[in-house]
Amino acid sequence: MTVRVRIAPSPTGSVHLGLCRTALFNWAFARGRKGQFLLRIEDTDTERNTQESLDAILEGLKWLGLDWDEGPDVGGPHEPYFQSQRRASYDEVLERLFAQGLVYRDFSTPEQQEAWRAEQEARKQRVAYRGDDRDLDPAEAARRAEGGEPFAVRFRIPDGATEFTDLIRGEVSIPHDEVDDWVLVRRGGGMPTYNFTVVCDDLTMGITHVFRGEEHLVNTPKQLLLYAALGAEAPAFGHLPLLLGKDRRKLSKRSGDTSLGDYRAKGFPRAAIQNFLALQGWALDGETEVFSLEQLVAAFEPGAVSKAGAVFDPDKFLWLAGEYLRKESPAELAENCLPFVLEAGLAGEEDLGARWDWFVRACAAVQERLSLYGDAPAWLRPYFVGAADLEYDEKALKGACKNADRVAHLTAFASWLEGRPVEEAAPDQAAAAKAWLADEGIKVGALFQPLRCALTGQPGGPDLFEIIALLGREEALARITGAAAGVLASD
RNA sequence: GGCCCCUUCGUCUAGUCAGGCCUAGGACACCAGGUUUUCAUCCUGGCGACAGGGGUUCAAAUCCCCUAGGGGUCACCA
C-alpha cells in the first residue's frame, strides 16, 4: 500500500515551528517510503481564518524545502484541498450517520451549555458530556429541526474504551466516559467541525498515516470511533512529542520566537532550520548532529521518535546555524547576506551589484564570525561607512589606548604602507609588515591593536591586511592618520 | 480535579522493544588550556544524568509494581 500522509494546518496565525516540524516528519516519512505528501487547509473555523496566514503557510513550507504532491496550489485528484469547499461531501456523510442513528440533534442552547460547563467546573470533577437530547426520539428531533429550531449535531459515544497502537507511543487506551458526545456540526447548520471533517477528508483522500502533535492524542478516540461508524479502516496514528519552551510548556510566544518567519528574519540558514527541527524528538544515530534532509528522509523511523517533549534550546539552534553558514562558499554566503545588508541600509542593490566581487570578499572575511546572515551587517558596517561615520567601540578604544606609543607607531606604519607595492597580496603584506616591525623593534600587538581600532573601530575582526585590501589603501591611510590625530591621540 | 501521555547530564539525545559489550556515548551550553595580529573559527581537556522505592534475575538504565514529578487535554478551536 502506498503511503499517503498529509499536513493539515489551519490558517489562523503565524507559521508555528511545531507545524513545521510536524510537516517535516510527515514529508520525510512520505519521501522515504516512496509515498505521497499532501497539503490540506483546515479552514472550518471561519471566524479565525485569514488570507495572510494561508499565504504564509504555503510560502513558508515551500521555503522550508517541503513540496507536496497534492494541495490547494498544485491541485490533485481529490480537489478541492480547502475544507470550506468540501461541505457537500460532509453533508453526505452526515446523512449516513443520521440514518444509522450514530449521531443526534442537540437542541440545547449556548446558555445551557455554559451552565453545564459551570457546573462541571464547580464540581471539580469533569464528566464527559452526554446531551439531554441524546435520547430524544429521532422523529421528534427531526420535526423540531424542521420547525426551524437550531441544533448542533453530536456523536453518540458508546460505552467502553478505545484502544489503539500509536506508531510512536505504543498501546494507548482511553475510556469512553472521558470522551464527550462531540459536535460534528455547529448549531444553526454552521460549518462542520474539525474532528468530523478531518476524518471525512483523510478517508476520501486515502491517508494511511497521521503524524501530529501530542495534543491530539485524546482526540483520537473521537476520530477512531467515527471511522468505525463509517465502516472504514482508520489510518495509523503517531503522536509526536510537543515542542516545549524554556518553561517546559507548549512552545508559545511567551517563551520566545515561535514562528518560522521569526527565524528567517534573523537569518537562520534554511538547512539549519530543517536540521534543528529534525533534532527535536528524533536523532539520526545519536552521534551525528549535522545532517541533511536526504539523510533524514533515508533514516526517519516513527518508532524512533522520542515520547517526551523537547525543550527548545536557542543556543544549540544558533550553533547549528553557524555550522551551516560557515560551510557556505563565499558566493553563496554573499547571496544570503545580501537581503540583510540591504535591509540595514548599508548599500543599495545596484551599488553592490557593481562591486559584487568586493562584496563577496567582504562577506568571506567575516564569515567565521557569523552564525546568522542577520549578523552580517554589524560586522560589515565599517566597510561601508565613510571614515567620518565610523563608530569606535569602547573596548576597541580601550585596547588601543593601552599602547602608549600608538600614535608614533601608526604614523610610522602609514609611511611604511605607502611605500609598499600597491598590488601586494594581503598575506604577503602581513609577512612584510611583521618583518618590518621586528626591524623597528616594535611589538606586533603594540601596532596591531591600535591599527585595528583605527581601521574598523571594532575590537575584533578579520586579518588586518585583508581589511586594508577591502577598504582600499587610500581609505585605510585616511583612517590611520585620522585616528592617530583624533580618537587615539589622547587617553 | 478526572483522564491520557511522559521521565537518561542544565538542554537535545544514544542506549530500553531482543537484560550482560554502559566504571552510561555524542552534541549544545559552561569552565580550563592551546592556536591566532584581535574577535571568531579550530583543537585538547574538564564538569555533568539512568526521578525515588520495591521486586524479578547470577546480572537491570534496560523487565514488573508502587510512589513522586512534569506535560497534554477536558470548546458548537484546530
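The shown structure was predicted, so the numbers you read here are calculated from the model rather than taken from an experiment. Proteins come first, then strands; the chains are lettered A, B, ... in the order of their sequence lines, and each starts at number 1.
The phosphate of B:A78 (OP1 or OP2) has a side-chain N or O of A:Thr44 nearer than 4.0 angstrom. In this model, the phosphate group of B:U13 is approached by a side-chain N or O of A:Ser306 to a distance below 4.0 Å at OP1 or OP2. Listed pair A:Arg249 / B:G72 meets the phosphate criterion, a side-chain N or O lying under 4.0 Å from OP1 or OP2.
The C1' atoms of B:A18 and B:A68 are separated by 30 Å, rounded to the nearest whole Å. Nucleotides B:G25 and B:A49, compared at atom P, are 11 Å apart to the nearest Å. B:G53 and B:C12 have their P atoms separated by 23 Å, with the value rounded to a whole Å. Taking the C1' atoms as reference points, B:A78 lies 25 Å from B:G70, given to the whole Å. As rounded to the nearest Å, B:G69 and B:U23 have C1' atoms that lie 29 Å from one another. If you take atom C1' in B:A51 and the same atom in B:G71, they sit 15 Å apart, rounded to whole Å. A distance of about 10 Å separates the P atoms of B:G45 and B:G26, rounded to the whole Å. Comparing B:C30 with B:U36, their C1' atoms sit 23 Å apart, to the nearest whole Å.
The listed nucleotides are B:C76, B:U7, B:G71; the one nearest the side chain of A:Gln113 is B:C76. For A:Ala308, counting side-chain heavy atoms from C-beta on, the closest listed nucleotide (B:G72, B:C6, B:U13) is B:C6. For A:Ala310, taking side-chain heavy atoms from C-beta onward, the closest of the listed nucleotides B:C77, B:U13, B:G72 is B:U13. In this structure, the nucleotide among B:A78, B:C76, B:C3 sitting nearest to the side chain of A:Arg48 is B:A78. Side-chain atoms of A:Ala283 lie closest to B:A14 of the nucleotides B:G71, B:C76, B:A14. Comparing B:U38, B:U13, B:C28 by their nearest atom to the side chain of A:Arg452 picks out B:U38. Looking at the side chain of A:Leu217, the nearest of the listed nucleotides B:A14, B:C76, B:C5 is B:C5. Closest contact between the side chain of A:Glu214 and the listed nucleotides B:U11, B:A75, B:C5 involves B:C5. The side chain of A:Trp379 lies closest to B:C39, out of B:C39, B:C3, B:C28. Nearest nucleotide to the side chain of A:Arg248, out of B:A27, B:U13, B:C12: B:C12.
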Give each protein N/O atom lying under 3.5 Å from an N/O atom of nucleotides 42-48 of chain B, with the pair distance.
none

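Relative to the ring axis of A:Tyr104, A:Arg154 does not place its NZ or CZ within 45° and under 6.0 Å from the centre. For the pair A:Lys266 and A:Tyr263, the cation-pi criterion (under 6.0 Å, within 45° of the ring axis) is fulfilled.
Remark: of the listed residues A:Phe276, A:Trp319, A:Phe340, A:Phe317, A:Phe317 is the sole one forming a ring pair (Phe, Tyr, Trp, His ring centres under 6.0 Å) with A:Phe268.
Counting any heavy atom pair closer than 4.0 Å across all strands shown, A:Gly281 reaches sugar-phosphate atoms only and no base atom. Base engagement by A:Gly461 is indicated by at least one non-hydrogen atom pair under 4.0 Å involving a base atom. Looking at heavy-atom distances under 4.0 Å, A:Glu289 makes contact with a base. Among the atoms of the strands shown, only primed sugar atoms or phosphate atoms (P, OP1, OP2) are found under 4.0 Å from some heavy atom of A:Leu242. Counting any heavy atom pair closer than 4.0 Å across all strands shown, A:Thr46 reaches no nucleic acid atom. Contact annotation for A:Thr288: no contact, since no heavy-atom pair falls under 4.0 Å across all strands.
Between A:Phe300 and A:Phe25, the ring-plane angle classifies as parallel under the 30° and 60° cut-offs.
Rounded to an integer number of Å, the gap from A:Asn219 CG to B:C3 C1' is 13 Å. The interatomic distance linking A:Phe268 (CZ) with B:C28 (P) rounds to 16 Å, in whole Å. Put simply, NZ on A:Lys250 is 13 Å from P on B:G71, counting in whole angstrom units. The separation between A:Phe276 atom CZ and B:A27 atom P is 17 Å, rounded to whole Å. Taking atom CG on A:Asp375 and atom C1' on B:C39, their separation rounds to 13 Å, with Å as the unit. Spacing between atom CH2 of A:Trp182 and atom P of B:C77 amounts to 13 Å, rounded to whole angstrom units. Between A:Gln280 atom CD and B:A27 atom C1' there is a gap of 12 Å when expressed in whole angstrom units. Summarising the geometry, the separation between CD on A:Glu287 and C1' on B:A24 is reported as 13 Å, rounded to the nearest angstrom.
B:A59: no Watson-Crick or G-U partner with both key distances under 3.5 Å is found in any strand. For B:G2, the paired nucleotide is B:U73, the pair qualifying as Watson-Crick or G-U wobble because both relevant distances are below 3.5 Å. Pairing for B:U41 is absent, judged as Watson-Crick or G-U wobble with the two contacts each under 3.5 Å. With both pairing distances under 3.5 Å, B:C30 is matched to B:G46 as a Watson-Crick or G-U wobble pair. A 3.5 Å limit on both hydrogen-bonding distances identifies no Watson-Crick or G-U partner for B:U35. Pairing for B:A68 is with B:U7, a Watson-Crick or G-U wobble pair whose two hydrogen-bonding atom distances lie under 3.5 Å.
Of the N and O atoms on the side chains of A:Ser108 and A:Asp106, at least one donor lies less than 3.5 Å from an acceptor on the other residue. There is no side-chain donor-acceptor pair under 3.5 Å between A:Gln83 and A:Tyr194. With no hydrogens or angles considered, no side-chain donor-acceptor pair links A:Gln274 and A:Tyr324 at under 3.5 Å.
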Begin from the C-alpha positions of A:Asp55 and A:Gln51 and carry the test side chain to side chain donor-acceptor pair (under 3.5 Å) through to its verdict.
CA-CA 6 Å; A:Asp55 294 342; A:Gln51 182 67 39; 3.0 Å; yes
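The number of heavy atoms from other shown groups lying within 6.0 Å of CD (A:Glu114) is above 12. At most 12 heavy atoms of other shown residues, nucleotides or ligands fall within 6.0 angstrom of atom CZ in A:Arg254.
For A:Arg169 and B:C5, a side-chain-to-base donor-acceptor distance below 3.5 Å is absent, hydrogens and geometry of angles not being considered. A donor-acceptor contact under 3.5 Å is not formed by the side chain of A:Lys316 with the base of B:A29. Taking 3.5 Å as the limit, the base of B:A75 and the side chain of A:Asp180 contain no donor-acceptor pair of atoms between them.
A salt bridge is defined here as a Lys NZ or Arg NE, NH1 or NH2 lying under 4.0 Å from an Asp or Glu carboxylate O, and A:Arg134 with A:Asp181 meets this definition.
Stacking between A:His216 and the base of B:A78 is present: ring centres sit under 5.5 Å apart and the planes differ by under 30 degrees.
Counting only heavy atoms from C-beta outward, the side chains of A:Lys307 and A:Pro241 never approach each other to under 4.5 Å.
Nearest-nucleotide assignment on RNA chain B puts the 5′-proximal partner with A:Leu279, out of A:Leu279 and A:Arg154. If A:Phe465 and A:Glu42 are placed on RNA chain B by their nearest nucleotide, the residue sitting closer to the 5' end is A:Phe465.
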